[in-house]
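Chain identifiers are assigned alphabetically (A, B, ...) following the order of the sequence lines, protein sequences preceding nucleic acid strands; residue numbering begins at 1 within each chain.
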Amino acid sequence: MSAQSDGQLQLLFEVDERVGEQLAPSWNVAPTQTVRIIVEETAEDGTPTRQLRNARWGLLPVWAKDRKMGSRMINARSETVTEKPAFRAAATKRRCVVPADGYYEWQQGERGKVPYYLHAEDASTLAFAGLYELWPDPEIAEDDPAKWVWTCTILTRPASDALGHVHDRTPVILPYEMVGDWLDKSTRDKSEVATLIDAIPEPNLVPRQIGRAVGSPRNNHPGLIEAAG
DNA sequence: CCAGACGTTGTT
DNA sequence: GTCTGG
DNA sequence: CCAGACGTTGTT
DNA sequence: GTCTGG
């Protein structure tokens with residue numbers, strides 16, 4: 001979920017330029033929906049520019065025939081991301097940060113699935129390590145700027161013991177001081193990227209049991225993250 | 001050579 | 001696009 | 001990820 | 001059980 005304003009994110013991630021329209025805050029972001037990402041573009045003279053952009057959550061590799069494939073590419077395992085055909089090109093060339101206030105996980109309980117909201121102890125914004133792709137929509141004309149669809153995915157890693165009781169995987173979360181390294185376009189070697197991933201520390205998150213309303217994508221309001229149970 | 005896959009999560 | 005399997 | 005739909009024939 | 005929509 002992400003309810004922070006563009007301005008707050010731009011300040012926090014030292015963004016130079018907002019590209020695209022502002023998105024409504026969301027407390028229930030579903031796969032295939034549009035989220036914000038932070039990327040670095042390199043000018044011809046080598047000057048990096050940090051941009052805040054919109055991207056569809058669910059990576060579409062260049063060879064995807066339609067948008068449906070993206071709904072199954074919402075996560076990428078960090079252990080194999082530099083090797084898998086669907087992700088390796090993006091892993092070396094198109095890394096991004098996906099900002100979020102927190103995220104949800106469901107645990108199977110005796111009476112159905114119990115949702116949890118996971119967030120930083122100090123409620124600071126999380127910087128998910130992500131990848132992005134530009135997918136040429138075959139149904140849109142070459143000369144239409146909308147032809148190039150920005151898509152993204154979020155890396156995952158095994159959960160630490162502290163969170164393993166909720167879920168055995170967690171997103172890869174960058175400490176703020178590693179955001180620059182992650183976005184750095186000069187890191188283009190897969191072994192370098194793997195080393196970078198290995199250096200990312202385990203996230204320290206707090207799980208909060210919340211109400212079941214979050215399960216339905218129709219519900220989207222701040223009350224979704226309130227404690228329940 | 002061509003055809004077909006390319007992914008993760010969770011559950012069993 | 002690129003790799004694997006046949 | 002979860003929630004919700006998934007189908008045809010025949011009858012009104 | 002499996003797919004689609006959000």
Side-chain angles (χ1 to χ4, degrees), chain A residues 1-3 23-36 54-94 98 100-119 126 128-138 147-149 151-160 163-173 188 190 197 203 205 207-221 223-225 228-229:
Chain A
M1 62 139 294
S2 181
L23 301 178
S26 179
W27 291 268
N28 207 348
V29 179
T32 74
Q33 288 182 345
T34 303
V35 298
R36 291 173 292 186
N54 299 329
R56 190 186 144 96
W57 181 27
L59 196 91
L60 288 166
V62 284
W63 39 260
K65 288 178 190 69
D66 54 46
R67 293 176 185 235
K68 287 177 191 166
M69 175 166 280
S71 60
R72 274 171 276 166
M73 304 277 189
I74 59 173
N75 293 120
R77 292 174 76 93
S78 58
E79 304 95 312
T80 54
V81 75
T82 58
E83 301 292 340
K84 296 286 185 183
F87 300 126
R88 60 190 170 196
T92 51
K93 297 185 181 124
R94 287 175 292 278
V98 183
D101 302 340
Y103 63 98
Y104 304 112
E105 277 175 352
W106 284 261
Q107 199 174 36
Q108 188 63 48
E110 285 182 13
R111 286 181 295 276
K113 290 178 180 175
V114 179
Y116 290 81
Y117 173 60
L118 290 99
H119 59 94
L126 305 178
F128 292 155
L131 307 175
Y132 68 95
E133 278 288 356
L134 281 159
W135 180 69
D137 188 336
K147 182 172 185 70
W148 294 93
V149 182
T151 68
C152 65
T153 190
I154 294 167
L155 270 60
T156 63
R157 66 187 297 167
S160 63
L163 290 176
H165 71 283
V166 181
H167 194 108
D168 64 348
R169 310 273 311 166
T170 56
V172 175
I173 297 173
R188 283 170 288 193
K190 75 173 180 184
I197 289 171
L205 301 171
R208 173 198 301 166
Q209 192 180 336
I210 56 170
R212 298 200 183 202
V214 71
S216 174
R218 287 184 313 236
N219 298 324
N220 196 335
H221 54 83
L224 295 180
I225 65 171

What is the distance, rounded to the nearest whole Å, between atom CZ of A:Arg169 and atom P of D:dC1? 12 Å
Walk me through it: do A:Asn54 and A:Arg36 pass the test side chain to side chain contact (heavy atoms under 4.5 Å, CB included)? CA-CA 5 Å; A:Asn54 299 329; A:Arg36 291 173 292 186; 3.7 Å; yes
Mind checking the P distance from D:dT9 to B:dG4? Whole angstroms is fine. 32 Å
To the nearest angstrom, the CD-P distance between A:Glu105 and D:dC2 comes to 10 Å
Remember a base hit wins even if backbone is also touched, and classify A:Thr156 as base, sugar-phosphate or nothing at under 4.0 Å, heavy atoms. sugar-phosphate
Looking at A:Lys84, does any N or O in its side chain come under 4.0 Å of the phosphate oxygens OP1/OP2 on B:dC6? no
Checking B:dT9, B:dG7, D:dC1 against the side chain of A:Arg77 (C-beta onward), the nearest is B:dT9
Without decimals, in angstroms, what is the distance between A:Asn28 CG and D:dA3 P? 10 Å
How would you label the contact of A:Asp168 with the nucleic acid (heavy atoms, under 4.0 Å): base, sugar-phosphate, or nothing? sugar-phosphate
Could you check A:Met1 against A:Tyr117 for side chain to side chain contact (heavy atoms under 4.5 Å, CB included), going step by step and ending with a plain yes or no? CA-CA 9 Å; A:Met1 62 139 294; A:Tyr117 173 60; 3.6 Å; yes
What residue among A:Lys84, A:Arg169, A:Arg157 forms salt bridge (Lys or Arg N to Asp or Glu O under 4.0 Å) with A:Glu79? A:Arg169
Give one of base, sugar-phosphate or nothing for A:Tyr103, where a contact means two heavy atoms less than 4.0 Å apart. nothing
Inter-residue atom distance A:Tyr104.OH - A:Tyr116.OH, 0.5 Å rounding: 15.0 Å
Rounded to whole Å, please give me the gap between CE in A:Met1 and C1' in D:dC1. 16 Å
Gap separating the CZ atom of A:Arg88 from the CD atom of A:Glu83, nearest 0.5 angstrom: 8.0 Å
In whole angstrom, give the distance that lies between atom CH2 of A:Trp63 and atom P of B:dG4. 16 Å
Distance between P atoms of B:dT8 and C:dG1 (Å, rounded): 22 Å
For atom CD1 of A:Ile74 and atom C1' of B:dG7, their distance in whole Å: 10 Å
Could you walk me through whether A:Leu60 and A:Arg67 pass the side chain to side chain contact (heavy atoms under 4.5 Å, CB included) test, one step at a time? CA-CA 7 Å; A:Leu60 288 166; A:Arg67 293 176 185 235; 4.3 Å; yes
In whole Å, what is the span from the CE atom of A:Met73 to the P atom of B:dC6? 9 Å
Side-chain atoms of A:Gln108 come closest, of B:dG7, D:dC2, B:dT11, to B:dT11
Nearest-Å distance once atom C1' is located in both B:dG7 and D:dC6: 25 Å
Just to be sure I understand the rule, does A:Arg67 reach a base, reach only the sugar-phosphate, or reach nothing, if contact means heavy atoms closer than 4.0 Å? nothing
Distance col, row A:Ile154:CD1 vs A:Ser78:OG, nearest 0.5 angstrom, shows 13.0 Å
Is A:Ser26 touching bases, backbone alone, or none of the nucleic acid, heavy atoms closer than 4.0 Å? nothing
Please give, in whole Å, the distance from D:dC1 P to A:Tyr116 OH? 18 Å
B/S/- along nucleotides 1-6 of chain E (protein heavy atoms under 4.0 Å) is ----BB
Of A:Leu118, A:Leu126, A:Thr170, the one forming a side chain to side chain contact (heavy atoms under 4.5 Å, CB included) with A:Pro203 is A:Thr170
If I take atom CZ from residue A:Arg94 and atom OG1 from residue A:Thr151, how far apart are they, to the nearest 0.5 angstrom? 9.0 Å
Secondary structure string for DNA chain D (Watson-Crick or G-U under 3.5 angstrom, | for other-strand pairs): ||||||......
Assign the ring pair A:Phe128 / A:Tyr103 to parallel, tilted or perpendicular, where the plane angle (0 to 90°) is split at 30° and 60°. perpendicular
